[in-house]
Asker: 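Would you mind keeping the following structure in view while I ask a few things?
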Amino acid sequence: MLSLTAMGATPTIQRGLTVCCSDAFPSFLPKQVHHIKDSSARKLAARIERLPVSFGEDCVMSSCVKPLVHRETSPVVLLHGFDSSCLEWRYTYPLLEEAGLQTWAVDVLGWGFSDLERLPSCIVASKRDHLFQLWKSYIKKPMVLVGPSLGAAVAIDFATSYPEAVERLVLIDASVYTEGTENQPTLSKMLAYFGAFILKSFPLRFYVNFLCFFTDIPLSTKLDWTNIGRLHCLFPWWEDALVDFMMSGMYNVSAQIEQVKQRTLIIWGEEDQIISNKLGVVRLHSELPNAVIRQISDCGHIPHVERPSSVAKLILEFVQEANYKEVEYTSQL
């Protein structure tokens with residue numbers, strides 16, 4: 001069993017920039033993946049697969065990282081934040097796997113590394129349906145669904161729509177009180193595409209690294225993390241998929257929070273400069289019917305990158321709590 005450091009401690013995972021020449025990347029990844037130096041990102045990228053997922057009239061070769069071993073315990077399914085990819089989990093995923101958890105890292109429809117050449121709808125309803133069909137086809141068991149930042153809104157929307165698919169929720173620095181927008185007029189598409197152009201730019205992505213992390217990170221690491229964070233943006237369909245989502249109104253789940261029935265773990269970085277931890281400590285915790293909150297000291301908006309050992313420890317304990325209660329219940333029968 002993996003030994004994980006206590007919350008707030010320096011992560012034990014190494015974030016070296018040594019290139020491992022033996023990495024064999026899937027051919028569908030953008031060629032710029034070879035320029036990434038982070039060994040953890042390279043190892044996880046080498047494991048990305050595409051699985052066929054049919055939903056509605058569409059079939060998408062959908063990107064994810066599958067568990068190496070299937071176990072009897074509840075699968076842990078990791079989502080990612082707004083306009084990101086499964087590579088967000090490059091440090092925490094191997095810790096969860098080493099701890100014995102059956103772990104998936106799934107790209108939300110419209111982002112990540114799925115094949116969207118025949119572009120499907122990427123609105124909220126499509127993202128929800130796509131995730132359900134992926135779960136129904138491959139995961140097939142009630143899961144512990146983990147959503148960081150906007151991924152928390154994805155998780156809440158999914159859990160309230162398909163409660164049979166979700167055993168427990170983990171919400172990390174949750175972006176769930178953004179009200180989104182109503183359907184935008186056609187003329188605003190030009191503005192949406194301009195926004196996508198800015199969002200893709202290296203300077204903006206680099207600046208976001210200063211906002212998201214509390215720890216002082218070396219410049220070389222920030223540059224590499226910027227390349228990791230925008231790798232999926234290099235697909236030719238990325239702009240169209242993002243604009244489709246933006247024009248649809250995006251996520252608005254504030255009214256769904258009180259409908260969540262699953263036991264929920266809220267994780268929050270105490271030094272989050274993107275979303276105040278007061279939202280998690282006070283509002284979200286009070287509105288979720290069955291939730292517990294854990295804060296991580298000296299940590300910003302993306303704890304699973306900045307404090308992977310702490311996040312892995314909390315998720316592991318949360319899953320073990322569920323397993324213990326199941327064993328306890330069975331022993332009483």
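Everything numeric here is computed off the predicted structure, so don't read it as measured data.
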Asker: Nearest 0.5 Å please: distance from the CG atom of Leu191 over to the CE atom of Met247.
Answerer: 9.0 Å
Asker: Could you verify whether a donor N or O on one side chain and an acceptor N or O on the other, from Glu306 and Thr215, lie under 3.5 Å apart?
Answerer: yes
Asker: Give me the atom names and distance for the closest heavy-atom approach of Gly269 to Pro303.
Answerer: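 So the two residues come closest at N-CG, 4.1 Å.
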Asker: Counting only N and O atoms by type, is there a donor-acceptor contact under 3.5 Å from the side chain of His80 to the main-chain atoms of Val108?
Answerer: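 Indeed, once roles are kept as given, a pair shorter than 3.5 Å links the two residues.
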Asker: Yes or no on side-chain contact (heavy atoms from CB on, under 4.5 Å) for Cys64 and Leu51, after CA distance, side-chain angles and deciding distance?
Answerer: CA-CA 8 Å; Cys64 66; Leu51 304 176; 3.7 Å; yes
Asker: Under a single-linkage definition using a 4.5 Å side-chain heavy-atom cutoff for Ile, Leu, Val, Met, Phe, Trp and Tyr, are Leu29 and Leu234 assigned to the same hydrophobic cluster?
Answerer: yes
Asker: Which of parallel (below 30°), tilted (30 to 60°) and perpendicular (above 60°) describes Trp111 and Phe82?
Answerer: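 If you compare the ring of Trp111 with that of Phe82, the planes turn out perpendicular.
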Asker: Are Tyr177 and Ile275 side-chain neighbours, meaning at least one heavy-atom pair lies under 4.5 Å?
Answerer: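 Of all side-chain heavy-atom pairs linking Ile275 with Tyr177, none is under 4.5 Å.
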Asker: Here's a test for you: under side chain to side chain contact (heavy atoms under 4.5 Å, CB included), which of Val33, Leu44, Val305 qualifies with Leu87?
Answerer: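 Exactly one candidate clears the test, Leu44.
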Asker: Would you call Arg205 and Asp83 a salt bridge, taking side-chain N to carboxylate O under 4.0 Å as the test?
Answerer: yes
Asker: With Val260 as reference, evaluate Arg263, Gln256, Gln262 under the side chain to side chain contact (heavy atoms under 4.5 Å, CB included) test and give the passing residue.
Answerer: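 Testing Val260 for a side chain to side chain contact (heavy atoms under 4.5 Å, CB included) against Arg263, Gln256, Gln262 leaves exactly one candidate, Gln262.
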Asker: About how many Å separate CZ of Arg71 and OG1 of Thr73, when rounded to the nearest 0.5 Å?
Answerer: 7.0 Å
Asker: For the pair Asp224 and Lys37, find out whether any cationic side-chain nitrogen is under 4.0 Å from an anionic carboxylate oxygen.
Answerer: no
Asker: For Arg90 and Ser40, indicate whether the former's side chain and the latter's backbone hold a donor-acceptor pair under 3.5 Å.
Answerer: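 Answer holds: no.
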Asker: Does Asp129 use its side chain to pair, donor to acceptor, with the backbone of Phe55 at less than 3.5 Å?
Answerer: no
Asker: Between Glu317 and Arg294, does at least one N-O distance fall below 4.0 Å, as a salt bridge requires?
Answerer: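 Salt bridge between Glu317 and Arg294, a charged N being under 4.0 Å from a carboxylate O: no.
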Asker: Return yes if some donor-acceptor pair links the side-chain N/O of Arg168 with the main-chain N/O of Phe318 below 3.5 Å, else return no.
Answerer: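 Yes; judged by distance alone, with no hydrogens or angles, the pair exists.
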Asker: Tell me the closest heavy-atom pair linking His70 and Pro67, and the distance in Å.
Answerer: CE1-CG, 4.0 Å
Asker: Is the closest side-chain heavy-atom distance between Leu101 and Val144 below 4.5 Å?
Answerer: no
Asker: Classify the ring geometry between Tyr91 and Trp225 as parallel (under 30°), tilted (30 to 60°) or perpendicular (over 60°).
Answerer: tilted
Asker: Is atom CZ of Phe197 surrounded by more than 12 heavy atoms (other residues, nucleotides or ligands) closer than 6.0 Å?
Answerer: no
Asker: Quick one: pull up CZ in Phe210 and CD1 in Ile217 and give me the separation to the nearest 0.5 Å.
Answerer: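 With rounding to 0.5 Å, CZ (Phe210) is 9.0 Å from CD1 (Ile217).
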Asker: When you group the ILVMFWY residues by side-chain heavy-atom contacts below 4.5 Å and let the links chain together, are Ile198 and Leu242 in the same group?
Answerer: yes
Asker: Quick one: pull up CE in Met250 and CE in Met246 and give me the separation to the nearest 0.5 Å.
Answerer: 6.0 Å
Asker: Against Tyr251, only a single residue in Val176, Val154, Ile156, Thr178 fulfils side chain to side chain contact (heavy atoms under 4.5 Å, CB included); can you say which?
Answerer: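 That would be Val154; it is the only one of Val176, Val154, Ile156, Thr178 passing the side chain to side chain contact (heavy atoms under 4.5 Å, CB included) with Tyr251.
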Asker: Are any of the side-chain heavy atoms of Gln295 and Val281 separated by less than 4.5 Å?
Answerer: yes
Asker: With a 4.5 Å limit on heavy-atom distance, are the side chains of Leu171 and Trp268 in contact?
Answerer: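 No - every pair of side-chain heavy atoms lies 4.5 Å or more apart.
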Asker: Quick check: do His304 and Pro148 have side-chain heavy atoms less than 4.5 Å from each other?
Answerer: yes
Asker: Checking side-chain contact (heavy atoms from CB on, under 4.5 Å) for the pair Phe245/Val124: CA distance, chi angles, key distance, verdict?
Answerer: CA-CA 7 Å; Phe245 171 67; Val124 169; 3.9 Å; yes
Asker: Show your working on side-chain contact (heavy atoms from CB on, under 4.5 Å) between Ile296 and Leu314 and close with a plain yes or no.
Answerer: CA-CA 10 Å; Ile296 301 177; Leu314 289 170; 4.2 Å; yes
Asker: Just checking, Lys66 and Tyr138: is the charged tip under 6.0 Å from the six-membered ring centre and within 45° of the axis?
Answerer: no
Asker: So, for Ser114 and Ser62, which heavy atoms are closest and what is the spacing to 0.1 Å?
Answerer: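 Closest approach of Ser114 to Ser62: OG-CA, 3.3 Å.
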Asker: Do Phe28 and Asp115 come within less than 4.5 Å of each other through their side chains, counting heavy atoms only?
Answerer: no
Asker: Look at the side-chain heavy atoms of Ile, Leu, Val, Met, Phe, Trp and Tyr, link any pair under 4.5 Å apart, and say whether Trp238 and Phe202 land in one connected group.
Answerer: no
Asker: How close do Ser121 and Ile123 get, heavy atom to heavy atom, and via which atoms?
Answerer: OG-CG1, 3.3 Å
Asker: Please list, chain by chain and in numerical order, all residues satisfying side-chain contact (heavy atoms from CB on, under 4.5 Å) with Glu258, sequence neighbours excluded.
Answerer: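 For Glu258, the residues satisfying side-chain contact (heavy atoms from CB on, under 4.5 Å) (neighbours in sequence not counted) are Glu287.
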Asker: Taking the six-membered ring for Trp, are Tyr162 and Phe132 parallel (under 30°), tilted (30 to 60°) or perpendicular (over 60°)?
Answerer: parallel
Asker: Nearest 0.5 Å please: distance from the CZ atom of Arg50 over to the CZ atom of Phe113.
Answerer: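 Arg50 CZ to Phe113 CZ: 9.5 Å, rounded to 0.5 Å.
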Asker: Of the non-hydrogen atoms in Gln273 and Leu211, which two are nearest, and what is the gap between them?
Answerer: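 For Gln273 and Leu211, the tightest heavy-atom pair comes out as CB-O, 3.7 Å.
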Asker: Any side-chain heavy atom of Leu288 sitting closer than 4.5 Å to one from Leu169?
Answerer: no
Asker: To the nearest 0.5 Å, how far apart are NE2 in His130 and CZ in Arg128?
Answerer: 14.0 Å
Asker: Around atom NZ of Lys141, are there more than 12 heavy atoms of other residues, nucleotides or ligands at under 6.0 Å?
Answerer: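 It does: Lys141 NZ has more than 12 such atoms within range.
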Asker: Could you walk me through whether Leu95 and Ser309 pass the side-chain contact (heavy atoms from CB on, under 4.5 Å) check?
Answerer: CA-CA 7 Å; Leu95 297 178; Ser309 295; 3.9 Å; yes
Asker: Consider only side-chain N and O atoms of Thr160 and Gln259, and report whether a donor and an acceptor are under 3.5 Å apart.
Answerer: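 No - no donor-acceptor pair under 3.5 Å links their side chains.
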Asker: Would you say Arg230's side chain and Ser201's backbone share a donor-acceptor pair under 3.5 angstrom?
Answerer: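 Checked: no pair found.
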Asker: I'd like to check the side-chain contact (heavy atoms from CB on, under 4.5 Å) partners of Glu72; sequence neighbours left out, ordered by chain and number.
Answerer: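 None.
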Asker: Considering residues, nucleotides and ligands other than Glu57, do more than 12 of their heavy atoms fall under 6.0 Å from its CD?
Answerer: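 No - once you tally the heavy atoms of other residues, nucleotides and ligands closer than 6.0 Å, there are 12 at most.
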Asker: Tell me whether Asp107 contacts the main-chain N or O of Cys86 through its side chain, where contact means a donor paired with an acceptor under 3.5 Å.
Answerer: yes
Asker: With side chains defined as the heavy atoms from C-beta onward, is the minimum distance between Glu271 and Cys299 less than 4.5 Å?
Answerer: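 The answer is no; the side chains never approach within 4.5 Å.
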Asker: Is there a path of hydrophobic side-chain contacts, each under 4.5 Å between heavy atoms of I/L/V/M/F/W/Y residues, joining Leu231 to Trp89?
Answerer: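 Both belong to a single hydrophobic cluster.
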Asker: Please say yes or no: joined through hydrophobic side-chain contacts below 4.5 Å, possibly via intermediate residues, are Ile266 and Leu279 part of one cluster?
Answerer: yes
Asker: Do side-chain atoms of Ser85 reach the backbone of Gly112 as a donor and acceptor pair under 3.5 angstrom?
Answerer: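 Between the backbone of Gly112 and the side chain of Ser85 there is no qualifying donor-acceptor contact (under 3.5 Å).
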Asker: State, to 0.1 Å, how close Ile139 and Pro75 come at their nearest heavy-atom pair, and which atoms those are.
Answerer: CG2-CG, 3.6 Å
